[in-house]
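Below is one structure; the comments refer to it alone.
The first residue in the sequence is number 1, and the count goes up from there. We count ligands from 1, going down the list as the structure has it; atoms in each ligand are counted the same way.
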Amino acid sequence: MHRTLADDLSRLPELLQSARDLAALEVTGLAERPVVQFDETPDRDPLPGEGAGAEGALARFAQRWAPGFSGSAGPRYLGFVTGGATPASVAGDWLTSTYDQNVSGAAGSWATALERETVAWLRELFGLGEAHSGAFVTGATVSNTVGLAIAREWLGERLGVDVSLEGTAALGPVDVLSGSPHSSTAKALSVLGIGRDRWRRVTVLPDNREAVDVAALDAALSELGGRPAIVVANAGTVNTVDFDDLRAIAALKERYDFWLHVDAAFGAFAALSPAYAHLVDGLDAADSVCVDLHKWLNVPYDAAVQFTRHRDLQVRVFHNASPYLGLPTGEPDFLHLTPENSRRLRALPAWFSLVAYGRAGHREIVERNVALAHRLGEGLVGLNGLRLLAPVRLNVVCFTLADQPTQERVNTLAQAVAASGEAFLTPTVYGGVPALRAAFSNWRTSEADVERVLAAVASARVD
Ligand SMILES: *Cc1c(COP(=O)(O)O)cnc(C)c1O
């Protein structure tokens with residue numbers, strides 16, 4: 001064994017203690033760390049010839065790179081939809097690396113059963129029935145891709161084609177209908193060979209809504225003349241957190257042949273609160289469901305879950321049969337369900353957080369985040385020169401300049417807020433108007449943080 005490696009092996013507990021000390025320092029200071037870092041990155045070092053040992057690597061990381069990492073896991077990073085990492089989930093994440101399990105198959109370790117337990121808990125948390133099975137993937141983009149891959153296989157079954165054998169081309173043009181899908185849906189359609197242009201935008205409801213007009217969807221399905229299609233319903237849009245009427249969409253299945261995929265990346269968490277659970281009524285009727293976990297569950301990157309009622313079709317797409325792996329029988333191993341073969345035990349951080357805080361703890365995060373979004377919305381309206389572009393529906397505030405909200409002026413505002421180090425908001429365009437979004441999904445965010453965000457926006461205002 002190389003000398004530094006042997007050295008590290010003999011001092012493993014001390015090395016982990018040093019890493020723990022740095023981590024403790026970082027999480028303690030997280031709320032005060034600048035939310036984003038714009039300074040120049042350091043010059044690239046040459047590949048080390050002789051290693052410095054783990055202690056040396058830690059010191060070099062702390063000196064060269066750590067100062068430039070963003071406070072995106074902290075309470076006032078409101079860009080995109082960004083969760084943090086609960087204390088228990090961080091512990092679970094460390095142990096994931098410590099045990100370094102390969103959750104491709106069930107043989108020889110209980111890790112697969114732990115992932116199955118976690119998936120079953122999440123299914124219950126989001127109000128899905130036992131007909132749904134699930135698997136961990138890296139994020140909502142992959143979850144959407146897997147869901148739509150199963151949809152593609154289903155289309156083949158309807159049209160008498162085996163897509164997994166013959167390829168997507170054998171299907172001919174595929175019809176994908178959706179009102180306000182996330183950009184990852186288009187990416188998934190590209191990856192799957194269906195094509196980004198096959199998405200047909202269905203009219204959304206009037207009066208500043210992003211939810212699909214179910215009557216328009218009905219008409220669009222009817223125009224297909226019986227040809228099976230894919231409907232992507234959106235439960236929680238990123239700009240205004242609008243929800244398609246899932247129950248009404250599912251009811252259309254009585255008259256039309258379509259696969260219902262629901263992108264509930266963060267919207268699924270509405271199910272945790274009795275006040276908002278109605279927003280995801282009907283989620284269980286979906287054929288496939290996407291939920292992100294590194295957003296509102298507040299587990300570290302990268303984690304999401306993919307649910308489906310059609311595991312048989314999922315195995316057709318994703319099975320990995322080889323002389324030494326064999327064909328899946330009984331309950332299929334995870335390597336037959338998702339794009340990965342070897343897989344990290346992504347479920348462990350989620351398992352830790354669910355055990356540590358339970359349904360009640362995670363419900364409190366959701367409800368507090370929603371209350372804080374409303375508070376920010378009211379505060380912004382109280383500032384001169386700003387207006388909301390939509391009512392605060394759940395955990396996102398979408399607002400812009402009252403006067404001349406040009407892209408340039410809105411970007412200037414976003415940059416000035418970010419430069420303060422106090423808060424981070426991301427620009428968007430909503431209804432053709434350049435705007436900013438503040439998305440609440442971090443477990444640490446408090447009322448005091450909202451006041452600081454308001455102060456940062458107030459002093460960054462472009463006049
Ligand atoms: C964030 C998000 C995605 C993509 O999620 P990743 O985890 O970044 O891949 C997809 N859909 C919706 C609605 C989202 O909010």
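- In the model, His310 has no side-chain atom that pairs as donor or acceptor with a side-chain atom of Ser288 under 3.5 Å.
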### Message
Evaluate Trp296 against Trp443 for side chain to side chain contact (heavy atoms under 4.5 Å, CB included), listing each step before the verdict.
### Response
CA-CA 8 Å; Trp296 229 349; Trp443 64 282; over 6 Å; no
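- Taken to the nearest 0.5 Å, the CG atom of Leu177 stands 6.0 Å off from the CG atom of Leu224.
- Note: His336 and His319 have tilted aromatic rings, judged against thresholds of 30 and 60 degrees for the angle between ring planes.
- Open room surrounds OH on Tyr99; 12 or fewer heavy atoms of other groups in view lie less than 6.0 Å from it.
- Salt-bridge annotation for Glu26 and Arg33: present, with a side-chain N of the basic residue lying under 4.0 Å from a carboxylate O of the acidic one.
- Ordered by chain and residue number, the residues placing a heavy atom less than 4.0 Å from ligand 1 are Gly139, Ala140, Thr141, Asn144, His182, Ser184, Gly236, Val238, Asp263, Ala265, Phe266, Asp292, His294, Lys295.
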